[in-house]
Amino acid sequence: MGIAVGGVDLLSEKAAMMRECLQKSETITDNVVTILGSFDHRLSALETAMRPTQIRTHSIRKAHENIDRTLKAAEVILAHFDQYRQAEAKILKGPHEDLENYLEAIDKLRSNIQFFGSKKGFKSSDGIVVHANNLLAKAISKLEDEFRQLLLSYSKPVEPERLFDCLPNSMRPSSPGHEGDPSGKNHHSESHNNNAEAVVYTPPALIPPRFLPLLHDLAQQMVEAGHQQPLLKIYRDARSHVLEESLQKLGVEKLNKDDVQKLQWEILEAKIGNWIHFMRIAVKLLFAGERKVCDQIFEGFDSLSEQCFAEVTTNSVSMLLSFGEAIAKSKRSPEKLFVLLDMYEIMQELHSEIETLFKGKACSAIREAATSLTKRLAQTAQETFGDFEEAVEKDATKTAVTDGTVHPLTSYVINYVKFLFDYQSTLKQLFQEFEGGEDSSQLASVTVRIMQALQTNLDGKSKQYKDLALTHLFLMNNIHYIVRSVRRSEAKDLLGDDWVQRHRRIVQQHANQYKRNAWAKILQCLSIQGLTSSGGGSGTAGGDGGTGSSSGASRAIVKDRFKSFNIMFEELHQKQSQWTVPDTELRESLRLAVAEVLLPAYRSFVKRFGPLVESGKNPQKYIKYSAEDLDRMLGEFFEV
């Protein structure tokens with residue numbers, strides 16, 4: 001019991017101690033709160049006291065920042081003022097001493113104008129911009145003068161020799177086939193060669209390449225200043241005349257239709273050959289070189305480049321094309337067909353290059369002019385072709401061919417047809433353009449018509465002869481010439497073997513008609529008809545195989561026959577030794593054909609009836625010739 005009471009007292013004592021401690025802690029807490037409250041009051045008072053100082057400090061910082069910005073802006077403005085003064089000094093000196101620095105000064109001046117133009121709040125900016133623009137205008141004006149001076153200094157006509165050096169080796173005047181003749185008369189073969197040598201054209205540098213970048217910079221400044229039109233005029237005036245002079249030095253003339261009509265054909269033909277060569281040189285060398293210059297000077301300004309190129313080349317192109325137009329519009333004649341085809345060919349050859357060089361809207365008139373000339377040449381060639389066929393049929397030349405040889409018309413027409421086959425690809429284009437259809441059949445049809453027209457004309461000319469034998473000899477010679485020429489040319493493949501064989505038979509028919517008309521009468525002298533008492537038999541003296549006798553034959557009639565034979569043969573010899581068969585093979589075969597008929601008949605007649613004459617007086621008066629004599633004399637017929 002006592003222990004329990006002691007424990008309670010102990011607990012009570014401890015609780016009292018804890019209460020006392022808690023009370024002390026509360027007192028301390030209250031004291032701390034009081035102290036902290038006092039601090040808060042003091043801090044608020046301090047903050048209130050320092051606020052004016054903070055505001056002043058912030059204002060000072062802002063003021064410093066504004067001052068810094070103003071100083072930096074002033075520095076930029078002063079720097080631009082400095083640049084402006086430097087640019088002004090360089091521009092006032094002019095571009096001659098240092099063009100590169102002059103261009104740089106213009107760029108700085110433009111930069112200054114842009115800078116001050118954006119500073120609307122700056123009091124003096126408007127005045128500076130006005131002054132700078134005036135200075136820029138003067139600078140650009142000086143640039144125009146410099147551009148003009150540079151362009152004129154380095155724009156010189158190109159000498160012909162220099163142009164010839166730019167041609168492929170095969171087309172230079174000094175090469176074989178062109179000795180002393182820059183016209184390139186064998187140009188037609190170029191388009192049909194086997195390309196053994198690469199055809200390379202190297203356009204000359206019309207302005208030294210080292211000056212082109214500088215000219216480009218000058219042009220760029222002028223364009224940026226809005227001076228495109230003055231620039232265009234300067235370039236056109238400087239380059240156009242030089243290009244024309246280059247062509248004139250080469251030999252290009254501006255001829256119209258009336259000028260062309262007055263020229264003799266040989267002179268005109270030479271001028272056309274030259275024109276073809278000049279067209280190649282102009283397009284492949286001069287215009288190509290001019291295009292390169294334009295593209296480099298006006299790089300980045302395509303429309304301006306095309307406009308300049310068009311204006312520079314217009315007069316030169318017109319000078320060249322006007323001659324072609326004059327030829328195409330001049331009076332048509334057969335000999336002009338081939339030069340028209342040559343001219344058409346060169347225009348076709350250059351078509352793609354003309355389209356490429358003269359690209360763009362500015363050059364459209366030049367492209368159209370070239371296309372128009374090509375079409376007109378094609379049309380005139382087509383009409384001339386038709387005229388030729390009609391002219392062959394209606395040719396009324398009275399050229400006398402007394403010896404029955406090949407008529408000049410025949411050789412002319414055949415050579416004409418041969419030349420046509422050199423232009424097969426060109427004629428193909430013509431036929432397709434104007435008639436449509438398959439080209440080889442068109443050419444075959446035209447060739448057949450021309451041959452038929454020629455034969456029709458020859459038939460008419462053959463009727464001029466009074467001697468039918470000479471008529472057939474003439475037709476034999478001419479048709480044989482036609483057949484032989486066709487067989488040796490490309491016309492054979494086109495006309496075909498049937499045509500050739502048919503006309504060979506015609507030649508043979510005329511040869512037979514010649515023999516019949518020339519020799520039938522003299523062969524009657526060698527006939528036994530009217531010599532024998534029976535009066536039978538109608539053959540020659542050799543009709544019985546040459547074994548019969550002369551019994552019953554009248555010596556007087558036999559003498560008369562020999563006499564008539566001699567007279568007739570001598571007449572034939574005198575006449576036909578003046579006739580001509582120009583083809584050696586045909587001449588020999590015709591002589592042989594005559595000999596094969598005449599000599600056996602003569603031998604037989606002499607053998608059978610010669611004794612009647614030989615037994616009388618002066619037999620040599622009647623039997624004047626041996627068969628060998630006749631054979632030798634036949635060898636004198638038809639000699640050329």
Side-chain angles (χ1 to χ4, degrees), residues 191 201 203 228-229 232-233 235-237 239-241 243-244 246-248 250 252-260 272 275-295 298 301-330 332 336 339-384 425-426 428-436:
S191 57
Y201 294 83
Q228 288 95 330
Q229 288 308 308
L232 173 61
K233 185 179 185 304
Y235 190 85
R236 180 191 63 216
D237 292 348
R239 296 295 308 154
S240 177
H241 176 70
L243 197 57
E244 289 176 58
S246 296
L247 289 174
Q248 287 165 356
L250 194 61
V252 176
E253 301 172 272
K254 190 165 186 176
L255 300 177
N256 58 33
K257 187 175 73 171
D258 293 335
D259 297 328
V260 165
I272 291 170
W275 179 85
I276 289 166
H277 197 50
F278 297 157
M279 280 298 297
R280 275 204 187 91
I281 290 176
V283 173
K284 293 177 180 285
L285 300 180
L286 285 173
F287 296 156
E290 193 64 47
R291 177 90 243 186
K292 191 174 180 181
V293 169
C294 271
D295 287 346
F298 302 107
F301 309 105
D302 290 347
S303 62
L304 181 60
S305 175
E306 288 166 9
Q307 184 69 32
C308 284
F309 182 67
E311 297 211 10
V312 165
T313 54
T314 292
N315 287 345
S316 294
V317 172
S318 175
M319 191 191 308
L320 285 162
L321 297 188
S322 65
F323 179 80
E325 288 284 350
I327 297 296
K329 292 176 182 176
S330 63
R332 297 196 302 269
K336 283 184 183 175
V339 294
L340 286 167
L341 291 174
D342 287 339
M343 294 171 77
Y344 175 76
E345 275 188 351
I346 191 64
M347 293 304 295
Q348 286 286 82
E349 177 190 321
L350 299 174
H351 173 72
S352 61
E353 284 167 275
I354 290 172
E355 290 290 310
T356 301
L357 287 174
F358 296 93
K359 61 185 178 181
K361 184 179 179 181
C363 297
S364 60
I366 294 175
R367 294 196 305 274
E368 287 166 9
T371 301
S372 173
L373 173 59
T374 306
K375 289 181 178 178
R376 184 175 285 278
L377 288 167
Q379 183 178 354
T380 307
Q382 180 78 1
E383 291 167 354
T384 304
S425 61
T426 307
K428 172 182 177 181
Q429 291 173 322
L430 285 180
F431 290 137
Q432 286 177 342
E433 185 170 350
F434 288 95
E435 297 179 16

Are side-chain heavy atoms of [X] and [Y] found at a separation under 4.5 Å?
X      : Y      : answer
Met343 : Met279 : no
Trp275 : Asp342 : no
Leu286 : Glu290 : no
Ile346 : Glu349 : yes
Gln228 : Gln307 : no

Ignoring hydrogens and geometry beyond distance, is a side-chain donor-acceptor pair present between Glu345 and Thr426 at under 3.5 Å?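 A donor-acceptor contact under 3.5 Å links the two side chains.
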Among side-chain atoms of Ser303 and Lys361, is any donor-acceptor pair under 3.5 angstrom?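 Distance-only check fails for Ser303 and Lys361.
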What class does the angle between the rings of Phe358 and Phe287 fall in, given that below 30° is parallel, 30 to 60° is tilted and above 60° is perpendicular? perpendicular
Start with the C-alpha distance between Val260 and Lys257, add both sets of side-chain angles, then the distance that settles side-chain contact (heavy atoms from CB on, under 4.5 Å), and finish with yes or no. CA-CA 5 Å; Val260 165; Lys257 187 175 73 171; 5.7 Å; no
What distance do [X] atom [atom1] and [Y] atom [atom2] have between them, rounded to the nearest 0.5 Å?
X      : Y      : atom1 : atom2 : answer
Glu353 : Arg280 : CD    : CZ    : 10.0 Å
Lys359 : Ser364 : NZ    : OG    : 15.0 Å
Arg236 : Cys308 : CZ    : SG    : 9.0 Å

Charged N-O contact under 4.0 Å between Glu311 and Arg239: no
With a 4.0 Å cut-off, would you call Arg376 and Glu325 a salt bridge? yes
Side-chain ([X]) to main-chain ([Y]) donor-acceptor, under 3.5 angstrom:
X      : Y      : value
Thr374 : Ala370 : yes
Thr380 : Leu377 : no
Ser318 : Thr314 : no

Evaluate the side-chain contact (heavy atoms from CB on, under 4.5 Å) criterion for residues Ser330 and Lys336: first the C-alpha distance (whole Å), next the side-chain angles of each, then the deciding distance (0.1 Å), finally the verdict. CA-CA 10 Å; Ser330 63; Lys336 283 184 183 175; 2.9 Å; yes
What residues, two or more places apart in sequence or in another chain, satisfy side-chain contact (heavy atoms from CB on, under 4.5 Å) together with [X]?
X      : answer
Ala381 : Leu337, Leu340, Leu341, Leu430
Ala369 : Leu321
Ser305 : Arg291, Cys294, Asp295, Phe298

What's the shortest heavy-atom distance between Gly289 and Pro203, and which atoms? N-CB, 4.0 Å
Identify the two heavy atoms, one from Leu357 and one from Phe309, that lie closest to each other, and give their separation to 0.1 Å. O-CE2, 3.3 Å
Tyr344: what forms a ring-ring contact (aromatic ring centres under 6.0 Å, His included) with it, not counting sequence neighbours? none
I'd like to know whether Lys254 forms a side-chain contact (heavy atoms from CB on, under 4.5 Å) with Leu320, so could you lay out the CA-CA distance, the side-chain angles of the two residues, the decisive distance to 0.1 Å, and finally the verdict. CA-CA 7 Å; Lys254 190 165 186 176; Leu320 285 162; over 6 Å; no
Checking Phe323 against Glu253 for the side-chain contact (heavy atoms from CB on, under 4.5 Å) test, could you report, in this order, the C-alpha distance in whole Å, the side-chain angles of both residues, the deciding distance, and whether it holds? CA-CA 8 Å; Phe323 179 80; Glu253 301 172 272; over 6 Å; no
Under the side-chain hydrogen bond (donor to acceptor under 3.5 Å, both in side chains) test, which residues partner Arg332, sequence neighbours left out? Glu383, Asp387
Can you list everything that forms a side-chain hydrogen bond (donor to acceptor under 3.5 Å, both in side chains) with His241? Sequence neighbours excluded, please. Glu245
